[in-house]
Amino acid sequence: MASTLTVDTIVGATAANTVHVPGHVIQVVEGTTTTQTQHNSTSYAATEITASITPKFSNSKILVTITSNFETNSVGEFGWYSIHRGSTSIAQSSVGQPSGGGSPIFPIVIQKLDAPATTNAVTYALYIKRTNATVVSNINSGGINSLGVITLQEIAQ
C-alpha cells in the first residue's frame, strides 16, 4: 500500500532555515551585462560578467554557468576564457580563429561545479586572455547588444 505525505511547510527542528534536500537548488543568483571587454594581453583579465553568492551552508556546491559571445581578430589566434572564483581560475577553455580569416563570433558556454567550502560571499567572473592578437568577450553582433550571463546555483549536499 502506498503512502502520501502532504505538507504546506517544513520547518527545521532547531532553525527554520536549516532544512535542505541534498541535490536540490537552495538559491539562484544571476548577473548580466551588455558591456564588451577587449583584451590585448596574454594574462587573464576580468570581464564585466560577474556575480556573487553567499552560500547558506559550508558544504554546498555552486554550479557556475557563463554564456557570452567571443571573438578573436586574427587567423590562428586563440582566445582563452576562464571561470574565476575570486582571483583563482577554476575552469578554462578556448576558442580559435579558423584559417579562413574574418572575425567570426563564437557563442561560448562554460560551466563548473565548485565547492567553495564557505558561508562567506563568493564572487565568480569570466576572465579572458589571448595568445597573439586581440580577443573580445560579449561581442555585439549586427548592432545588437550581446548579453553576457552568469548564473550561480547553490546545490544542497
Side-chain angles (χ1 to χ4, degrees), residues 2-72 77-96 105-131 134-141 144-157:
S3 298
T4 302
L5 174 64
T6 305
V7 299
D8 291 321
T9 305
I10 296 176
V11 178
T14 58
N17 67 349
T18 62
V19 175
H20 63 279
V21 179
H24 285 76
V25 176
I26 297 171
Q27 64 173 315
V28 178
V29 174
E30 180 181 74
T32 63
T33 186
T34 57
T35 302
Q36 291 183 28
T37 301
Q38 183 170 319
H39 195 49
N40 299 311
S41 174
T42 57
S43 299
Y44 276 115
T47 69
E48 296 292 324
I49 302 172
T50 184
S52 294
I53 190 168
T54 302
K56 294 188 186 298
F57 304 97
S58 62
N59 67 337
S60 291
K61 294 192 177 177
I62 306 298
L63 179 60
V64 183
T65 306
I66 298 176
T67 60
S68 182
N69 289 327
F70 203 80
E71 177 187 58
T72 62
E77 168 67 10
F78 277 84
W80 291 86
Y81 51 98
S82 169
I83 295 174
H84 273 58
R85 178 189 349 104
S87 61
T88 303
S89 175
I90 60 172
Q92 299 176 357
S93 194
S94 65
V95 171
I105 297 171
F106 302 93
I108 62 166
V109 176
I110 186 170
Q111 194 170 58
K112 173 68 175 164
L113 185 60
D114 188 37
T118 186
T119 56
N120 295 325
V122 182
T123 300
Y124 294 91
L126 177 68
Y127 276 58
I128 61 173
K129 72 177 182 177
R130 66 169 181 88
T131 52
T134 300
V135 294
V136 182
S137 71
N138 212 39
I139 187 78
N140 294 332
S141 176
I144 298 171
N145 284 341
S146 177
L147 183 64
V149 180
I150 181 171
T151 305
L152 308 175
Q153 299 177 65
E154 181 180 1
I155 311 296
Q157 299 305 296

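In this chain, numbering begins with 1 at the start of the sequence shown.
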Say whether, by atom type as modelled, one donor and one acceptor occur between the side chain of T54 and the main chain of N120 under 3.5 angstrom. no

Does the side chain of R130 reach to within under 4.5 Å of the side chain of T42, using non-hydrogen atoms? yes

Flag side-chain contact, heavy atom, 4.5 Å: Y124 against I53: yes

Here the gap from K61 atom NZ to D114 atom CG, rounded to the nearest 0.5 Å, amounts to 9.5 Å

Working for side-chain contact (heavy atoms from CB on, under 4.5 Å), residues I155 and I62: CA-CA 6 Å; I155 311 296; I62 306 298; over 6 Å; no

How close do N69 and S146 get, counting heavy atoms only, and between which atoms? ND2-OG, 2.9 Å

Sequence neighbours excluded, which residues qualify as side chain to side chain donor-acceptor pair (under 3.5 Å) partners of Q111? T65

State whether the side chain of T47 and the backbone N or O of T37 hold a donor-acceptor pair below 3.5 Å, judged by distance alone. no

Taking C-beta and beyond as the side chain, do T118 and S58 meet within less than 4.5 Å on heavy atoms? no

For residues Q92 and Y44, determine if any side-chain heavy atom of one lies less than 4.5 Å from a side-chain heavy atom of the other. yes

Quick one, Q157 and P22 - any side-chain contact, counting heavy atoms below 4.5 Å? no

If you count every heavy atom of other residues, nucleotides or ligands that lies below 6.0 Å from K129 atom NZ, does the total exceed 12? yes

Backbone N or O of S60 within a donor-acceptor pair of the E154 side chain at under 3.5 Å? no

Heavy-atom closest contact (I110 atom, S82 atom, distance): CD1-CA, 4.4 Å

Taken to the nearest 0.5 Å, the spacing of S93 OG from I108 CD1 works out to 8.0 Å

Closest heavy-atom pair, S68 versus S137, reported as atoms and distance to 0.1 Å, is OG-C, 4.1 Å

What distance do Y127 atom OH and S87 atom OG have between them, rounded to the nearest 0.5 Å? 6.5 Å

Do F70 and I128 touch side chain to side chain, with heavy atoms closer than 4.5 Å? yes

S89 OG to K112 NZ distance, which is reported to the nearest 0.5 Å: 9.5 Å

I need the Q153 CD to E30 CD distance, nearest 0.5 Å. 10.0 Å

First locate atom OG1 of T33, then atom CD1 of I150, and finally report the distance between them rounded to the nearest 0.5 Å. 11.5 Å

Please report the shortest heavy-atom distance between P55 and V122, naming the atom on each side. CD-CG2, 4.3 Å

